[in-house]
Amino acid sequence: MNMERKRKVCMFKMVVSSSAKMSKSGGSGGATTKDNAVVSSVINPWTGMPYSQSYYEILEKRKTLPVWQQKDEFLKALKANQCIILVGETGSGKTTQIPQFVLESVNAETPDGKRMMIACTQPRRVAAMSVSRRVAEEMDVKIGEEVGYTIRFEDCSSTSKTLLKYLTDGMLLREAMADPLLERYKVIILDEAHERTLATDVLFGLLKKVLRNRPDLKLVVMSATLEAEKFQGYFSGAYCMKVPGRLHPVEILYSEEPEKNYVEATIRTVVQIHMFEGPGDVLVFLTGEEEIEDVCRKIDKEIAKLGDQSGPVKVLPLYSTLPPAVQQKIFEPVSSGRKIVVSTNIAETSLTIDGIVYVIDPGFSKQKVYSPRGCVESLLVSPISKASACQRAGRAGRTRPGKCFRLYTEKSFHNHLEAQTCPEILRSNLANTVLTLKKLGIDDLVHFDLMDPPAPETVMRALEVLYSLGALDDEGNLTKLGEIMSEFPLDPQMSKMLIFSPGFHCSNEILSICSMLSVPNCFLRPREARKAADEAKAKFGHMDGDHITLLNVYHTYKKNDEDPVWCCQNFVNEKALKAADNVRQQLAQIMARFNLKLCSTDFKSGDYYINIRKALLAGYFMQVAHLESNTGHYSTVKDNQVVHLHPSSCLDHKPEWIVYHEYVLTSRNFIRTVTNICGDWLAEIMIALEKSGKKLGYGGLTLKDRKQTT
DNA sequence: GAGCACTGC
């Protein structure tokens with residue numbers, strides 16, 4: 001078969017010439033030794049110790065990064081402007097170097113020794129950790145001292161020493177809740193701003209406000225190219241500068257005709273690359289676990305058919321729920337033949353694989369969409385954005401020139417793909433975000449200046465939820481309860497359930513359930529052992545429902561001393577349970593801060609499970625479904641939607657009333673993680689709510705109607 | 001009788 005794709009467009013320019021010149025003039029060899037002799041007496045101002053040999057070696061490499069060419073320009077701009085937008089492509093060195101430039105100049109500006117920090121945010125924990133380690137090394141200091149990082153569950157920084165702190169964007173938002181003017185920071189750098197995470201978007205709005213109240217604070221927004229103008233318009237008056245990247249050229253090849261079946265086209269392209277292209281590993285982007293496993297098997301089969309006429313291949317799947325040991329395999333070099341990694345979007349930003357020369361981009365990914373009407377979040381396979389397509393292509397040019405095969409036409413790239421992926425804030429349930437904003441003192445949500453304001457309906461829905469939970473009062477102000485709720489890293493319903501659980505004498509148990517609900521699904525179900533996995537899961541099952549099943553798993557895990565062998569034998573995801581244990585500790589600390597007692601009902605008491613189920617309802621009374629006797633289907637109490645029990649539920653019967661943790665829209669309207677409750681308990685809550693004057697918009701049902709059905 | 005893209009607090 002001929003290669004069908006003929007159109008070639010070179011997307012990336014080589015930007016190595018200037019840096020090559022740079023390292024030549026710096027002199028590698030003899031000159032370096034001479035330099036060292038001169039500067040070896042120089043003392044590291046941070047430690048008071050002479051610089052180590054490796055400091056100078058790294059310094060030479062740092063000086064070759066594109067961003068060093070513009071160090072002076074940046075420092076001048078920083079002095080003259082409150083807000084800078086820095087556009088830097090992959091490989092410019094902005095994430096490691098800019099914060100150090102800032103540190104050098106800001107320190108010079110404040111000789112009074114007043115300790116204020118520089119923050120640099122990252123969307124992901126791993127990045128915050130690994131970048132700060134690298135920077136500590138570059139500065140020849142110990143991580144956690146002058147340079148540190150803060151992520152959930154781990155604070156590797158020191159209040160007395162740390163000057164430069166890398167942290168997740170979500171973490172900075174948490175800090176802002178206690179310190180709304182972010183007074184401990186002198187400069188805040190928001191990195192990877194183009195990713196537009198929910199936390200980054202909220203920080204944008206918050207910092208725009210804070211900058212007006214703190215003329216001494218400076219903000220640096222760092223982003224990849226595409227949205228620079230939009231950012232400049234939002235941060236009006238910001239100084240904007242561009243730094244070139246350093247990526248090898250990537251040749252883009254498009255399909256001539258639209259592909260009917262992108263999975264088949266993918267397999268065909270892999271085979272073609274393997275037969276006709278030179279050496280180099282292949283990275284394939286697909287949408288999900290099942291599709292990936294399926295394609296991996298088919299590629300193996302097709303390449304086996306070729307027989308000896310082509311070299312060996314190693315086909316490896318990659319997605320987040322893969323056990324870490326299997327994930328690690330993608331980084332191992334293959335002794336002979338070609339490595340083919342078939343991955344989800346995880347390889348687009350979170351994981352970087354070296355040695356990739358060919359990228360196959362079918363143009364799809366699974367994306368979260370939110371519908372405020374039904375309060376549902378769902379995952380949909382959707383076309384990616386142009387920005388995302390460029391990011392994928394760039395993965396082929398990290399080590400040497402590469403090729404990217406787009407399995408769609410050039411016309412559809414230009415005409416059908418959106419420029420940017422829709423920001424997360426427009427695709428999410430905002431109940432928790434609105435609670436955070438209220439806690440940050442932003443009362444007027446309508447006039448809060450967000451880069452992309454969400455639909456009014458989404459904000460209204462969030463306010464409604466918070467109001468009915470008692471987090472907001474009639475005027476929309478945060479109540480005492482709302483304030484405590486905002487301190488928990490949980491959805492508002494879950495915070496409320498946890499805060500009310502001591503009143504039901506079961507806070508230990510609810511705490512464990514919250515933790516289990518906060519981590520990925522702990523039940524493993526490998527394709528080759530489905531039956532055994534289902535049997536193992538059934539042993540944890542409880543007749544009252546899935547929440548108590550989760551509690552059983554957690555208790556049994558602890559009873560077995562967190563034994564990895566036990567996890568494996570019972571098809572339980574050890575990583576998830578460890579995470580639940582971490583979450584539990586964190587939540588317990590927050591509870592202690594508010595004097596929320598940890599208590600349990602006597603296990604032998606008939607009320608043990610009843611109390612737990614009542615506590616569930618205290619938070620999730622808006623997520624109740626009723627079995628309709630005429631149809632045999634469940635319908636939601638709130639808006640009379642027909643819903644179906646998710647097949648993963650352990651319930652083997654259909655109780656009249658159930659509370660559900662989530663409503664997911666996939667092949668049908670499913671409710672997942674459900675527990676049997678009593679209609680009278682719901683009626684009691686409704687009466688109490690109505691007495692306090694709260695209207696819930698319960699689909700036109702009056703209280704009398706609801707009482708009649710109980 | 002299904003699915004869980006990916007992050008983050």
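Keep in mind the model is a prediction, meaning the values are calculated, not measured. Chain identifiers are assigned alphabetically (A, B, ...) following the order of the sequence lines, protein sequences preceding nucleic acid strands; residue numbering begins at 1 within each chain.
Between A/Arg668 and A/Pro489, the residue anchored nearer the 5' end of DNA chain B, judged by the nucleotide with its closest heavy atom, is A/Arg668. Each of A/Pro647 and A/Gly288 lies near DNA chain B, and the nucleotide nearest A/Pro647 is the one positioned closer to the 5' end.
With B/dA5, B/dA2, B/dC9 as the candidates, the nucleotide lying closest to the side chain of A/Leu379 is B/dA5. The side chain of A/Arg530 lies closest to B/dG3 when the candidates are B/dG3, B/dC9, B/dA2. For A/Glu289, taking side-chain heavy atoms from C-beta onward, the closest of the listed nucleotides B/dC6, B/dG8, B/dA5 is B/dA5. Of all nucleotides listed (B/dG3, B/dA5, B/dC9), B/dC9 comes nearest to the side chain of A/Arg152. In this structure, the nucleotide among B/dG3, B/dT7, B/dC9 sitting nearest to the side chain of A/Ile346 is B/dT7. Closest approach to the A/Thr168 side chain among B/dA2, B/dG8, B/dC6 is made by B/dG8 (side chain taken as heavy atoms from C-beta onward). Closest contact between the side chain of A/His646 and the listed nucleotides B/dG3, B/dA5, B/dG8 involves B/dG3. For A/Thr344, counting side-chain heavy atoms from C-beta on, the closest listed nucleotide (B/dG8, B/dA5, B/dG3) is B/dA5. Which of B/dA2, B/dG3, B/dT7 sits closest to the side chain of A/Ser350 comes down to B/dT7. When the nucleotides B/dC9, B/dA5, B/dA2 are ranked by their closest atom to the side chain of A/Ser648, B/dA2 comes out on top.
When the P atom of B/dG3 is taken as reference, atom CZ of A/Arg525 falls 12 Å away, rounded to whole Å. Atom CZ in A/Phe523 sits about 21 Å away from atom P in B/dG1, given to the nearest Å. For the pair A/Glu290 CD and B/dG1 C1', the computed distance is 14 Å after rounding to whole Å. Rounded to an integer number of Å, the gap from A/Leu198 CG to B/dG8 P is 13 Å. A/Leu490 has its CG atom 13 Å from the C1' atom of B/dG8, to the nearest Å. Going from atom CD of A/Glu662 over to atom C1' of B/dA2 covers 13 Å, rounded to whole Å. The nearest whole Å value for the distance from the CG atom in A/Asp201 to the C1' atom in B/dC9 is 16 Å. In this structure, A/Glu195 atom CD and B/dC6 atom P are separated by 14 Å, rounded to whole Å.
Under the 6.0 Å distance and 45° angle rule, A/Lys368 does not count as a cation-pi partner of A/Tyr370.
Among the protein residues, A/Arg124 comes within range of the sugar-phosphate backbone only, with heavy atoms under 4.0 Å from sugar or phosphate atoms but none that close to a base. Among the protein residues, A/Phe488 comes within range of no part of the nucleic acid, since none of its heavy atoms lies under 4.0 Å from any strand. Contacts of A/Ile151 with the nucleic acid, taken as non-hydrogen atoms under 4.0 Å apart, involve only primed sugar atoms and P, OP1 or OP2.
Applying the 6.0 Å contact sphere to CD of A/Glu290 captures no more than 12 heavy atoms from other residues, nucleotides or ligands.
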Return a table of donor-acceptor pairs under 3.5 angstrom between the side chains of residues 436-443 of chain A and protein atoms on other chains or two or more places apart.
unit_1: A/Thr436; atom_1: OG1; unit_2: A/Asn432; atom_2: O; d: 2.9
unit_1: A/Lys438; atom_1: NZ; unit_2: A/Asp443; atom_2: O; d: 3.3
unit_1: A/Lys438; atom_1: NZ; unit_2: A/Gly476; atom_2: O; d: 2.9

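When atom types are taken as modelled, the side chain of A/Lys165 and the backbone of A/Thr150 share no donor-acceptor pair closer than 3.5 angstrom.
The base of B/dG8 is not paired with the side chain of A/Arg125 by any donor and acceptor separated by under 3.5 Å.
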(message) If you apply the rule side-chain contact (heavy atoms from CB on, under 4.5 Å), what do you find for A/Val135 with A/Tyr166, and how did you get there?
(response) CA-CA 10 Å; A/Val135 170; A/Tyr166 285 86; 3.4 Å; yes

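By the ring pair (Phe, Tyr, Trp, His ring centres under 6.0 Å) test, A/His644 pairs with A/His633, sequence neighbours left out.
For the OP1/OP2 pair of B/dC6 and a distance below 4.0 Å, the side-chain nitrogens and oxygens of A/Ser320 include at least one atom meeting the criterion.
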